[in-house]
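Atoms considered below: every heavy atom in the structure, side chains included; atoms not considered: hydrogens, waters and symmetry mates. One is the number of the first residue; the rest follow in order along the sequence. Read the numbers this way: they start at 1 and go in the same order the structure lists the ligands and their atoms.
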Amino acid sequence: MNEPADGIRTHCPYCALQCGMVLRQSRPGTGRRDQGAAAPVTVDAWPQFPVNRGALCGKGQSATELLNPAARLGTPLVRDGYGTALRPATWDEALERVISGIRSVQAEHGRDAVGVFGGGGLTNEKAYLLGKFARVALGTSAIDYNGRFCMSSAAAAVNRAFGLDRGLPFPLADIAETDCVLLVGSNLADTMPPALRYLTQLAERGGRLIVVDPRHTRTAARADLHLRPLPGTDLALALGMLHIALAEGHVDEDFVAARTSGFAAVRATAMEYWPARVEGLTGVPAHQIREAVRMFAQAPTGMVLTARGSEQHSKGTDTVHGWINLCLALGKVGRPLSGYGCLTGQGNGQGGREHGQKADQLPGYRSLTDPVAREHTARLWGITPAELPGPGTSAYEMLDTAGTPGGVRAMLVFGSNPVVSAPRADHVEQRLRALDLLVVADVVRSETAELADVVLPSAQWAEETGTLTNLEGRVVLRRKAVEPPARVRTDLEILSALAARLGRAEGFPADPRLVFDELRTVSAGGPADYAGISYERITEENGVFWPCPADGHPGTPRLFLESFATPDGRARMMPVHHRSVAETTDERYPLYLVTGRVLAHYQSGAQTRRVAALRAAAPEPYVEIHPSRARRLGVLEGEPVTVTSRRGTAVAQARLSTEIRPDVVFMPFHWSGPGRANTVTNPALDPVSRMPEFKVCAVRVEPVAARQAPPGGGGGAGRGRRQPGRPRETGSASAVQTL
Ligand SMILES: Nc1nc2c(c(=O)[nH]1)N[C@H]1C(S)=C(S)[C@@H](COP(=O)(O)OP(=O)(O)OC[C@H]3O[C@@H](n4cnc5c(=O)[nH]c(N)nc54)[C@H](O)[C@@H]3O)O[C@H]1N2
Ligand SMILES: Nc1nc2c(c(=O)[nH]1)N[C@H]1C(S)=C(S)[C@@H](COP(=O)(O)OP(=O)(O)OC[C@H]3O[C@@H](n4cnc5c(=O)[nH]c(N)nc54)[C@H](O)[C@@H]3O)O[C@H]1N2
Ligand code: SF4
Ligand SMILES: [Mo]
């Protein structure tokens with residue numbers, strides 16, 4: 001064990017880097033204290049941890065403030081009836097309310113009427129037990145999670161192309177050693193700051209960086225070449241690059257023949273994307289596209305890395321497949337220091353998609369529709385395959401139909417704040433209000449918790465132990481450093497207690513080590529095989545890369561070097577075609593809205609808006625607008641503006657910036673209330689991954705003063721509950737219609 005004498009080695013509560021940190025109990029007079037916090041614990045970097053090597057971003061550095069009792073939930077809360085306030089309750093009362101609500105909903109509407117909504121921040125143990133709880137204790141097919149909103153398009157494309165989805169098929173540090181990185185739709189300078197050092201090292205070695213982003217971000221500022229496509233046109237760009245690669249003879253024919261299938265059809269489609277046409281579709285000058293192709297193709301090794309900018313579209317899966325096709329044609333996959341990778345985002349975004357909280361999936365990344373996988377899992381869970389429910393609907397579809405005849409009537413939310421983070425959030429808020437029972441297990445009183453009938457206070461990162469799988473597929477151990485507050489329970493304890501009350505006292509242990517041992521057994525033989533990973537090995541080896549099928553197995557830092565995980569061992573190229581964004585601009589909505597992140601805040605902001613230093617760094621929502629556009633709109637720097645789409649209106653401060661295209665505006669999505677970006681966003685779904693089109697919709701921007709009526713929409717979490725009989729805005733088919 002490599003524990004420092006006076007501290008606990010653990011990992012950050014936030015993003016998928018899972019930076020190593022050391023937590024120490026602060027001694028009076030000597031301990032460092034975070035700004036404004038009464039935190040009893042201090043955080044330092046853990047220099048030996050190989051991902052961040054001692055670096056932490058401001059969110060990690062201030063994370064101990066989350067432990068402050070004032071920031072978090074301290075007791076269960078229940079609501080007594082329509083329109084009444086949440087009030088403190090005992091655990092017994094709260095759990096009983098949950099159970100009686102579940103029983104009455106299932107008696108009246110069937111088992112599938114209870115839904116479970118999970119999160120990619122939950123540990124592997126929690127994600128595993130949540131999936132088992134839904135299928136075994138509740139017997140419902142209705143379970144999905146917020147990863148659907150995150151990297152689901154990349155996961156779908158990678159599964160299709162390589163037969164196995166691990167975000168990065170190589171350690172992050174390999175980025176520093178390759179010759180050219182094509183970084184698409186990632187602003188990692190703000191979203192994964194410690195990873196920047198690998199780009200710095202790449203540059204120092206003479207490697208090249210190409211960034212594709214409509215905005216000139218801090219990441220793009222580091223690029224040798226920055227391509228600025230119109231949002232939602234990456235697929236045309238990828239096809240255009242392949243066209244030029246073919247025309248200029250850059251294709252690695254030997255690699256294509258030996259390691260891939262399907263190239264003929266891909267070659268034929270690429271012919272249709274000649275440079276002038278692609279320039280017209282994307283707005284990227286043809287000479288820049290050519291330069292990018294040459295830079296990437298002529299580099300001996302190279303990587304394409306995508307993030308949400310390329311993926312959160314109604315054609316996200318095909319777009320990622322377009323990038324993979326390009327990599328494969330150039331022989332830049334399945335070789336050392338070359339490959340395609342998705343920069344997964346959430347703390348356990350990788351592990352959270354492997355162990356069964358996804359609608360169509362069983363632990364170990366097995367498929368819920370595979371009879372062999374069903375038999376295997378059901379046997380280990382002590383039920384028959386017939387008792388194991390089938391696949392349910394995706395996250396947005398579950399929210400969209402909640403409280404309607406075909407949808408769920410009760411929902412248990414663990415580790416997500418969809419009132420802020422789901423698209424078309426006004427509508428989602430209405431659907432949640434229409435539920436017979438909403439249960440939210442969270443660390444803080446989030447906007448979604450505000451709508452709940454029962455709020456269960458969960459323990460958080462430093463208050464409990466569990467594993468997470470970072471963006472590289474490295475399984476790490478987050479270790480308990482402090483006791484949770486007296487009336488707070490871990491999610492595992494909550495699930496265990498609920499299962500017992502539902503008559504399943506067996507099979508739902510609350511001890512994370514027991515759950516992990518069960519997960520290892522159940523995942524054995526599956527694509528994401530954890531059988532050989534133990535808490536001890538993780539501690540000794542600074543994490544273990546899956547697949548790791550046996551105790552003595554070294555783990556697998558690099559995948560696909562010899563063959564792909566498809567039946568014939570070849571990577572599948574697939575013809576894909578550009579299509580328009582789901583909602584194009586017109587006279588009423590003449591601009592494209594792009595949404596994303598800022599450095600200081602995390603996701604729905606439920607955690608980071610409670611940290612003083614982060615609140616000070618980024619106090620309020622804003623809209624980034626090009627000065628030339630602002631002039632035409634009559635908008636001044638710092639003035640409030642409305643951003644209106646067909647779904648609703650958000651209000652935020654104008655921030656003028658030449659770093660954005662004049663035909664695009666940008667809003668971060670970290671705030672609730674009038675500044676909630678998701679009031680405006682479009683829930684059009686990708687047909688394969690069911691990913692909503694967060695990254696682009698048509699809007700108009702006006703100075704607040706110019707609007708006749710006061711801005712509506714995005715009113716934040718309404719107090720009180722449910723207005724019975726409130727008509728639905730539109731049918732659940734809306735998401736499908738906008739495809
Ligand atoms: N500070 C901070 N860090 C985080 C998070 C956070 O909330 N805050 N969240 C974590 C999570 S869960 C995730 S998923 C990651 C996300 O990490 P990123 O994907 O890096 O973050 P985003 O800001 O969502 O989007 C990245 C970029 O996509 C660009 N973009 C928009 N539309 C398009 C397009 O059509 N094409 C291209 N090529 N680019 C486009 C945007 O301009 C933006 O700069 O960050 C993780 N890290
Ligand atoms: N417009 C727009 N919307 C987006 C995106 C975008 O780019 N643009 N990005 C999307 C993406 S990539 C993502 S990942 C989603 C994320 O959106 P959300 O799912 O809302 O993510 P978080 O804000 O991280 O919410 C996690 C919640 O769980 C709580 N929590 C943290 N740890 C635990 C735990 O251990 N147990 C329990 N029970 N609760 C816990 C936190 O306090 C918080 O309230 O947002 C999506 N929404
Ligand atoms: S980069 Fe991510 S994991 Fe690292 S300190 Fe920042 S938020 Fe935490
Ligand atoms: Mo994400």
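Below 4.0 Å from some heavy atom of L122 lie the following atoms of ligand 2, by number and element: 34 (C), 36 (N). Here is the list of ligand 2 atoms found below 4.0 Å of a heavy atom in K126: 34 (C), 35 (O), 36 (N). Listed by number with element, the atoms of ligand 2 under 4.0 angstrom from any heavy atom of G415 are 26 (C), 27 (C), 28 (O), 37 (C), 38 (N), 39 (N), 40 (C). Less than 4.0 angstrom separates some heavy atom of V444 from each of these atoms of ligand 2: 42 (O). Each of the atoms 18 (P), 19 (O), 20 (O), 25 (O) of ligand 2 lies under 4.0 Å from some heavy atom of N417. If you number the atoms of ligand 2 from 1 as listed, the ones under 4.0 Å from a heavy atom of T681 come out as 1 (N). Within ligand 2, the atoms closer than 4.0 Å to a non-hydrogen atom of A606 are 43 (C), 44 (O), numbered from 1 in the order shown.
Classified by interplanar angle (parallel below 30°, tilted 30° to 60°, perpendicular above 60°), the ring pair F133/F508 is perpendicular. Using the six-membered ring where Trp is involved, F149 and F694 have ring planes that are perpendicular, over 60° apart on the 30 and 60° scheme. Taking the six-membered ring for Trp and thresholds of 30 and 60 degrees, Y396 and H427 have ring planes inclined between 30 and 60 degrees apart.
Looking at E583 and R647, a side-chain N of the basic residue comes within less than 4.0 Å of a carboxylate O on the acidic one, giving a salt bridge. Salt bridge status for D318 with R579: present, with a side-chain N to carboxylate O gap under 4.0 Å.
Residues L183 and L209 meet the side-chain proximity criterion, which asks for heavy atoms closer than 4.5 Å. Counting heavy atoms from C-beta outward, P231 and V581 have side chains that stay 4.5 Å or more apart. Between T306 and Y340 the shortest side-chain heavy-atom distance falls below 4.5 Å. Side chains of P485 and E463 form a contact here, defined as non-hydrogen atoms less than 4.5 Å apart.
Side chains of S314 and E693: a donor-acceptor N/O pair is present below 3.5 angstrom, by distance only.
Within 4.0 Å of ligand 1, heavy atoms belong to protein residues C15, K59, C150, V184, G185, S186, N187, D190, T191, V212, D213, P214, R215, T217, P231, G232, D234, A307, R308, G309, H313, G345, Q346, V594, G596, R597, V598, L599, H601, Y602, Q603, H670, K695.
Among Q607, Q603, E447, the one residue that satisfies the side-chain hydrogen bond (donor to acceptor under 3.5 Å, both in side chains) test with N417 is E447.
Residue contacts with ligand 2, taken as heavy atom pairs separated by less than 4.0 Å, involve D442 via backbone and side-chain atoms alike.
Below 3.5 Å of separation, one finds an N or O of S458 facing an N or O of ligand 2.
At least one heavy atom of D491 sits less than 4.0 Å from an atom of ligand 2.
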